[in-house]
Amino acid sequence: MPKKLYIKTYGCQMNVYDSVRMADALAPLGYAQTEDPGDADFVILNTCHIREKASEKVYSELGRLRPLKEAAAAEGRQLLFGVAGCVAQAEGEEMLRRAPVVDLVFGPQTYHRLPEMVTRLLGGEGRGLVDTDFPLESKFDHLPEESAPQGSAAFLSVQEGCDKFCSFCVVPYTRGAEFSRPVGDIVAEAERLVAGGAREITLLGQNVNAYHGEASDSATWGLGRLLRRLAEIDGLARLRYTTSHPRDVDAELIAAHRDEPKIMPYLHLPVQSGSDRVLSAMNRKHSGDDYRRIVDALRDAQPDLALSSDFIVGFPGERDRDFAETLRLVTEVNYAQAYSFKYSPRPGTPAAGIEDQVPETVKNERLAALQQLLGEQQLAFNRAKVGQRTSVLFEKRGKRPGQLIGRSPWMQSVVAEAPERLIGHIMEVDIEAAQRNSLAGRVVTLDYALQSKADRTIPSRIDAA
Ligand code: SAH
Ligand code: SF4
Ligand code: F3S
């Protein structure tokens with residue numbers, strides 16, 4: 001009987017990609033994925049450590065899942081519990097002590113060793129394996145090829161780790177040092193994804209624009225050059241990348257946005273704060289004006305570019321006037337959408353030790369004010385699309401029957417009535433309504449790229465086939 005694998009993923013898109021690759025690594029052992037943990041022989045929680053609540057959620061989830069293990073044991077079945085990702089990396093052995101239900105703890109850089117770890121556990125080595133190494137070998141060289149297509153919008157990790165050490169952040173400790181995959185491996189993986197039906201690929205990295213990968217001519221390529229190369233792949237219509245750091249936006253990347261229409265006009269470029277004093281304490285190594293200059297250069301190259309960002313409010317020592325600088329920067333840049341968080345002290349990071357922590361009430365007030373402003377900008381950006389025609393890559397069924405959900409070039413979620421066979425296709429859609437988090441529209445054309453010239457008829461509306 002095939003064994004069942006249940007993976008629950010927390011945190012960033014790199015974790016989403018890693019979960020897909022863990023399933024690939026376990027496929028040769030006979031594990032097929034299930035959506036139901038009650039049905040599983042192996043449960044993996046792929047965790048995130050970025051803020052306090054993230055790790056607490058993992059412990060409570062483990063508590064909730066515990067009865068499943070007891071039920072399986074009563075049936076004479078062995079149900080394995082694994083914890084992966086950044087909490088696993090940070091907690092290591094401690095995780096086994098705090099949650100004795102766990103059999104296996106492994107970090108983001110060791111999941112290529114999963115088959116070996118699982119074989120040892122099933123072979124009677126009991127429980128309690130921990131592997132939080134930063135091995136010299138790269139997991140990418142030891143993972144099998146992708147076993148199942150990811151669908152029309154796929155993720156591809158090109159870079160991992162971070163050497164920036166922002167003073168609030170755990171990522172350099174949980175993911176390790178910066179590493180870029182070679183160009184050839186990335187191109188081959190992208191070609192396989194496209195052959196499997198991907199029309200859009202999002203390149204991933206904790207610092208994706210710090211990418212510096214080796215090409216076959218031994219030259220080192222930056223992200224701009226890599227994007228241009230990937231844009232040559234036939235059938236691939238859209239490229240995105242995330243997350244970028246302002247310091248690594250170079251002229252080559254800006255030029256790629258200018259010249260390459262497959263690079264979508266949307267960029268997540270976190271600034272964290274608008275105050276130079278806070279930015280310096282955060283060790284971001286850029287000022288508010290540096291960021292404004294980068295945004296101007298990008299918008300000169302691609303006037304259609306929509307921007308997104310991350311913000312932290314209540315960083316230790318942040319005063320009202322610092323926060324006012326953040327609001328000023330937001331007003332000037334004008335974001336299409338953004339994420340904002342209250343500062344959360346992370347054990348072992350320099351900022352956690354600063355005496356001057358901001359009271360919770362102040363953090364709450366600042367977060368509410370920032371989110372109010374960002375929400376207004378997002379709604380205005382979405383409303384400006386009403387009455388316009390735009391392309392949408394349909395990815396999945398909508399909530400109501402007969403509806404599909406897709407994404408605009410600017411990452412907006414777009415709902416439209418369309419037959420299911422259009423999932424995976426890029427359609428022209430007339431936008432008719434806008435809310436803060438989504439657009440609604442009407443499909444107008446068939447996917448040109450997928451039709452031969454002869455049958456390019458343009459129905460004014462596609463009715464359910
Ligand atoms: N590599 C990306 C971000 C990775 S973490 C970058 O450099 O921007 C994603 C976001 O989580 C960060 O941008 C930051 O806004 C937020 N974050 C990270 N550590 C945090 C902390 N200790 N408290 C609150 N938010 C945090
Ligand atoms: Fe964290 Fe800063 Fe690295 Fe981003 S650049 S992952 S915020 S340390
Ligand atoms: Fe979280 Fe680790 Fe990603 S801490 S945000 S899962 S890199």
Side-chain angles (χ1 to χ4, degrees), residues 2-37 39-48 58 61 80-89 104 106-118 131 138-161 174-175 179-181 185-206 208 230 233 236 238-243 393 395-396 407 423-424:
K3 285 175 282 185
K4 296 276 176 61
L5 170 67
Y6 171 80
I7 308 184
K8 182 161 181 173
T9 309
Y10 303 80
C12 62
Q13 286 151 329
M14 302 226 48
N15 261 13
V16 176
Y17 175 86
D18 287 347
S19 292
V20 173
R21 303 301 273 134
M22 284 176 207
D24 292 337
L26 288 168
L29 262 61
Y31 283 96
Q33 268 185 278
T34 170
E35 300 290 306
D36 175 11
D39 202 26
D41 304 283
F42 190 7
V43 168
I44 297 178
L45 302 183
N46 192 10
T47 62
C48 170
V58 176
E61 182 70 15
L80 296 178
F81 274 14
V83 182
C86 293
V87 176
Q89 186 66 42
L104 176 61
F106 55 102
Q109 305 308 343
T110 54
Y111 62 77
H112 58 296
R113 297 176 180 165
L114 259 176
E116 179 205 323
M117 296 189 255
V118 170
D131 190 348
S138 156
K139 66 187 171 208
F140 295 109
D141 295 338
H142 294 81
L143 286 168
E145 280 188 9
E146 315 75 44
S147 58
Q150 279 192 48
S152 52
F155 290 137
L156 201 176
S157 266
V158 302
Q159 181 278 338
E160 276 225 52
T174 60
R175 292 273 169 171
F179 165 80
S180 297
R181 294 177 70 189
D185 292 5
I186 294 166
V187 172
E189 188 166 327
E191 283 171 347
R192 289 194 297 268
L193 289 170
V194 173
R199 307 234 47 217
E200 171 179 304
I201 293 180
T202 303
L203 306 184
L204 300 179
Q206 266 86 27
V208 71
L230 293 171
I233 299 175
L236 180 63
R238 294 174 157 197
L239 279 163
R240 304 182 185 277
Y241 58 93
T242 198
T243 294
L393 169 57
E395 291 176 29
K396 56 185 183 199
R407 293 224 182 248
I423 291 176

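One-based numbering along the sequence shown. Just the heavy atoms: all of them, side chains too, but no hydrogens, waters or symmetry mates, feed the values below.
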- Task: Search all heavy atoms of Glu61 against all heavy atoms of Leu45 and return the closest pair with its distance.
- Result: CG-CD1, 3.9 Å
- Query: So do Cys86 and Pro108 actually touch side chain to side chain, heavy atoms under 4.5 Å?
  - Reply: yes
- Query: Do Asn46 side-chain atoms and Asn15 backbone N/O form a donor-acceptor pair below 3.5 Å?
  - Reply: yes
- Query: Closest approach of Pro144 and Asp24, non-hydrogen atoms and distance?
  - Reply: CG-O, 3.3 Å
- Please walk me through it: do Gln109 and Glu160 pass side-chain hydrogen bond (donor to acceptor under 3.5 Å, both in side chains)? CA-CA 9 Å; Gln109 305 308 343; Glu160 276 225 52; 3.2 Å; yes
- Query: To the nearest 0.5 Å, how far apart are CG in Leu230 and CG in Leu239?
  - Reply: 6.0 Å
- Can you see which heavy atom on Ala25 is nearest to which on Pro28, and at what distance? O-CD, 3.3 Å
- Inspect the contact between Arg21 and Asp18 and indicate whether a charged nitrogen and a carboxylate oxygen are less than 4.0 angstrom apart. no
- Query: Do Leu29 and Leu114 come close enough that some side-chain heavy atom pair is under 4.5 Å?
  - Reply: no
- Task: Hey, could you give me the CD/CD distance between Glu395 and Glu200, rounded to the nearest 0.5 Å?
- Result: 6.0 Å
- Task: Answer whether the closest heavy-atom distance between the side chains of Leu193 and Leu236 falls below 4.5 Å.
- Result: no
- Is there a donor-acceptor pair closer than 3.5 Å between any side-chain N or O of Thr47 and the backbone N or O of Val87? yes
- Message: Once rounded to the nearest 0.5 Å, what's the spacing between atom CG of Leu26 and atom CG of Asp41?
- Response: 11.5 Å
- Value for OG (Ser138) from CG (Leu143), rounded to nearest 0.5 Å, stands at 8.0 Å
- Query: Could Arg181 and Glu189 be called an ion pair, given the rule that one side-chain N must be under 4.0 Å from one carboxylate O?
  - Reply: yes
- Donor-acceptor under 3.5 Å (Gln206 side chain, Gly161 main chain): yes
- The residue among Tyr111, Phe106, Tyr6 that forms side chain to side chain contact (heavy atoms under 4.5 Å, CB included) with Ile44 is Phe106
- Over 60° means perpendicular and under 30° means parallel, so classify the ring planes of Phe140 and Phe179, tilted if in between. parallel
- Query: Is any side-chain heavy atom of Leu104 less than 4.5 Å from a side-chain heavy atom of Leu80?
  - Reply: no
- Short question: side chain of Arg192, backbone of Val187 - any donor-acceptor pair under 3.5 Å? no
- Item | side chain to side chain contact (heavy atoms under 4.5 Å, CB included) evaluation trace for Phe155 with Val20 | CA-CA 9 Å; Phe155 290 137; Val20 173; over 6 Å; no
- Item | Any donor-acceptor pair under 3.5 Å from Asp131 side chain to Gly107 backbone | no
- Message: Determine whether a donor-acceptor pair (N or O, by modelled atom type, separation under 3.5 Å) exists between the side chain of Gln33 and the backbone of Ile7.
- Response: no
- Rounded distance (nearest 0.5 Å) linking atom OG of Ser157 with atom CD of Gln13: 10.0 Å
- Could you pull out the closest heavy-atom pair between Thr9 and Ser19, with the gap in Å? OG1-OG, 2.8 Å
- Item | Matching residue for Tyr31 among Met22, Lys4, Lys3 - test: side chain to side chain contact (heavy atoms under 4.5 Å, CB included) | Lys3
- Query: Roughly how far apart are Leu203 CG and Gln159 CD, rounded to 0.5 Å?
  - Reply: 11.0 Å
